[in-house]
Each structure stands twice: as C-alpha cells, then as structure tokens.
Amino acid sequence: MEQPPRVLLADDQTLVRTGFRMILGADGIDVVGEASNGAEAVEVARRVRPDVVLMDIRMPEMDGLEATRRILAGPRPAEPVRAGGTPLPGEPRVVILTTFDLDRYVYAALSAGASGFLLKDVTPEHLVSAVRTGDALLAPAITRRLVQRFARHGGDTADLHRDLASLTPRELEVLGLLARGLSNAELAARLHLAETTVKTHVARVLAKLGLRDRVQAVIVAYETGLVSVGGHREAPESV
C-alpha cells in the first residue's frame with residue numbers, strides 16, 4: 001500500500017493547526033512538523049523533509065510566500081523559483097492555505113513555486129484529497145483569474161519546449177478540461193471514464209510535457225493556446 005504523505009503545517013494560529021492536524025490524522029495522514037511563522041517553517045522543512053507543506057501567507061517574522069521561496073530553493077538559493085520550473089529531487093509540494101482570496105497572493109504564491117492555492121474554508125474532503133493526490137489544487141473560484149493574469153496570450157511559446165503533438169487526442173481533451181479547473185472526479189464524470197483511468201491520463205500528460213503538477217498544466221494549456229479565456233480551441237490531431 002502506498003504510504004500517505006508526510007505533512008508540515010505552517011500557520012500562526014494554534015487552533016488552525018490543531019484543526020488541520022485532526023482532519024488529516026483522521027484520514028491516516030501524518031503531520032510530522034508544525035511552525036508558527038515562516039522562518040520556523042523553513043527550518044522545520046529542512047529538518048523533517050515533508051512531502052507536503054500546508055503554508056499560511058500572513059505570519060510573523062517571515063511570511064509564507066518568502067518561506068515558500070526558501071523551501072523550494074533548497075541548496076540552490078541563488079536561482080529563482082518560478083511556476084513551471086523543474087523541482088529539486090525530494091522537493092515538497094507547497095500548498096498555500098489562506099482566508100484571503102486576493103489575486104496578488106495567488107500570483108505571488110505560484111511564482112514562488114507553490115503547487116496550489118486553497119482557501120481555509122475548503123472542505124475536509126477536499127483538503128485530504130489535495131494533500132494525498134494533488135487533485136484540484138486550485139480553488140475553482142480563482143482559476144479563471146489565474147490564467148487571465150499569469151498565462152501569456154498569443155506570445156512566443158518557443159521557450160516552453162512543450163510539444164502538444166506528443167499527446168493523444170484523449171490526453172489533449174484531458175489537458176483542456178484540467179485547464180477549466182475540473183477535478184479528477186469531475187473529469188471522470190464528463191468523459192464517462194473510471195477515475196483511475198483519468199488519473200492515468202493526467203499522469204501521462206504531466207510526464208510527456210515534463211510538468212510537475214496540475215497547476216503547471218493549466219498554465220501550459222493557456223500559454224500554448226490549447227484553451228483561451230473566452231473559449232476552447234479544438235484539439236489538433238495527434239501525430
């Protein structure tokens with residue numbers, strides 16, 4: 001059986017950390033560390049090497065955005081971390097959790113290298129799913145604003161090195177729906193497939209395009225013109 005991810009909780013409110021620990025623990029997910037500020041989160045992350053960091057933004061001493069940058073920079077602090085970059089071996093996924101549904105936090109978090117952004121009113125089921133599988137790591141309410149601001153429309157995409165021709169027609173369809181913010185369960189319902197089959201398609205899309213997670217897949221789908229803010233381009237035939 002696959003081992004559950006090891007989680008670090010970083011939030012300056014003790015009650016919030018306690019609540020998250022209880023939710024995750026009830027599902028068999030081990031919380032291996034806690035931090036009450038960003039500087040402590042960086043120190044604990046380097047010590048316990050978690051698989052996932054649930055990171056608050058507004059914390060004393062160092063905010064969650066700077067802590068995310070430092071955690072993901074790892075042994076290469078001089079190199080900038082950006083969404084779409086190649087993760088370091090053993091690098092954790094950082095999921096930003098906040099009560100503030102503000103655009104500037106979304107873009108700053110993703111630019112810092114975070115794998116997702118969820119509001120603190122997320123349901124326990126969604127939180128557990130995000131930690132365990134990385135599924136639907138963007139709150140649907142912010143997906144549209146994300147791509148409008150973060151993706152480049154009609155620009156030069158040669159530097160992306162993303163050859164969508166390597167995807168099958170079904171994989172292109174899956175990528176397009178991912179860009180609309182659909183979870184694996186929603187994809188399965190839309191495509192009339194088993195959820196395990198959908199997970200296989202998603203994994204193949206990420207592997208073929210050299211992507212770390214679903215967030216990067218969303219950005220690539222818009223950058224390459226597979227989908228647009230106003231509509232959905234017809235998928236080209238795979239060659």
Side-chain angles (χ1 to χ4, degrees), residues 1-11 14 16-36 38 40-56 64 67-76 81 83 85-97 109-110 112-118 120 122-139 174 178 182-188 193-218:
M1 179 181 296
E2 184 178 353
Q3 293 296 315
R6 302 165 67 254
V7 178
L8 165 62
L9 299 176
D11 195 291
T14 302
V16 170
R17 297 199 308 272
T18 299
F20 287 156
R21 177 186 284 273
M22 291 177 62
I23 291 171
L24 297 175
D27 199 71
I29 298 175
D30 188 20
V31 175
V32 296
E34 295 188 18
S36 59
E40 187 179 1
V42 174
E43 188 278 325
V44 175
R46 290 174 177 171
R47 176 162 46 85
V48 305
R49 299 181 65 83
D51 301 306
V52 178
V53 181
L54 294 181
M55 181 78 75
D56 189 22
T68 295
R69 294 187 188 97
R70 297 194 184 192
I71 288 172
L72 297 182
R76 299 184 297 181
V81 178
T86 302
L88 296 172
E91 186 178 88
R93 285 189 291 115
V94 177
V95 179
I96 301 296
L97 279 162
L110 296 177
S115 293
F117 189 105
L118 296 173
K120 285 185 179 178
V122 63
T123 65
E125 294 78 15
H126 195 173
L127 177 62
V128 168
S129 175
V131 169
R132 278 193 176 276
T133 69
D135 187 20
L137 283 185
L138 281 177
V174 168
L178 280 181
L182 273 66
S183 67
N184 282 348
E186 291 167 333
L187 280 168
L193 298 172
E195 192 167 344
T196 53
T197 302
V198 167
K199 290 180 180 179
T200 298
H201 285 311
V202 172
R204 287 175 178 168
V205 168
L206 298 183
K208 286 183 177 182
L209 299 182
L211 304 174
R212 179 181 60 201
D213 51 43
R214 299 166 69 98
V215 172
Q216 293 181 354
V218 170

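Please read these numbers as outputs of a predicted model, since none were measured by experiment.
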Which one of Val16, Leu24, Val94 satisfies the side-chain contact (heavy atoms from CB on, under 4.5 Å) criterion with Leu54?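 It is Leu24, the one option of Val16, Leu24, Val94 that forms the side-chain contact (heavy atoms from CB on, under 4.5 Å) with Leu54.
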Residue from Leu127, Leu9, Asp11, Asp56 passing side-chain contact (heavy atoms from CB on, under 4.5 Å) with Leu97: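 Of the listed residues Leu127, Leu9, Asp11, Asp56, the side-chain contact (heavy atoms from CB on, under 4.5 Å) partner of Leu97 is Leu127.
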Go through the structure and list residues passing salt bridge (charged side-chain N to carboxylate O under 4.0 Å, His left out) with [X], not counting sequence neighbours.
X	answer
Arg6	none
Asp27	Arg132
Glu34	Arg17, Arg21

To the nearest 0.5 Å, how far apart are CG in Asp51 and CZ in Arg49?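 Asp51 CG to Arg49 CZ: 10.0 Å, rounded to 0.5 Å.
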Pairwise distance CG(Leu193) to CG(Asn184) - rounded to 0.5 angstrom: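 One gets 11.0 Å once the value is rounded to the nearest 0.5 Å.
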Can you tell if the side chain of Ile71 reaches within under 4.5 Å of the side chain of Pro92, non-hydrogen atoms only?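 Side-chain contact under 4.5 Å: yes.
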Sequence-distant partners of [X], side chain to side chain contact (heavy atoms under 4.5 Å, CB included), two or more places apart:
X	value
Ala41	Ala10, Ala35, Met55
Ala109	Leu65, Ile96, Ala114, Phe117
Glu186	Leu182, Ser183

Closest heavy-atom pair and its distance - Ile29, Pro5: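 Nearest heavy atoms, Ile29 then Pro5: CG2-O, 3.5 Å.
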I need the minimum non-hydrogen distance between Val44 and Gly33, along with the two atoms involved.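 So the minimum-distance heavy-atom pair works out to CG1-CA, 4.2 Å.
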With no hydrogens and no angle check, is any side-chain donor or acceptor of Ser129 less than 3.5 Å from a backbone partner on Glu125?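 Checked: no pair found.
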Under 3.5 Å, sequence neighbours excluded: what are the donor-acceptor pairs made by side chains of residues 200-211?
| unit_1 | atom_1 | unit_2 | atom_2 | d |
| --- | --- | --- | --- | --- |
| Thr200 | OG1 | Thr196 | O | 3.1 |
| Lys208 | NZ | Ser166 | O | 3.1 |
| Lys208 | NZ | Glu171 | OE1 | 2.9 |
| Lys208 | NZ | Glu171 | OE2 | 3.4 |

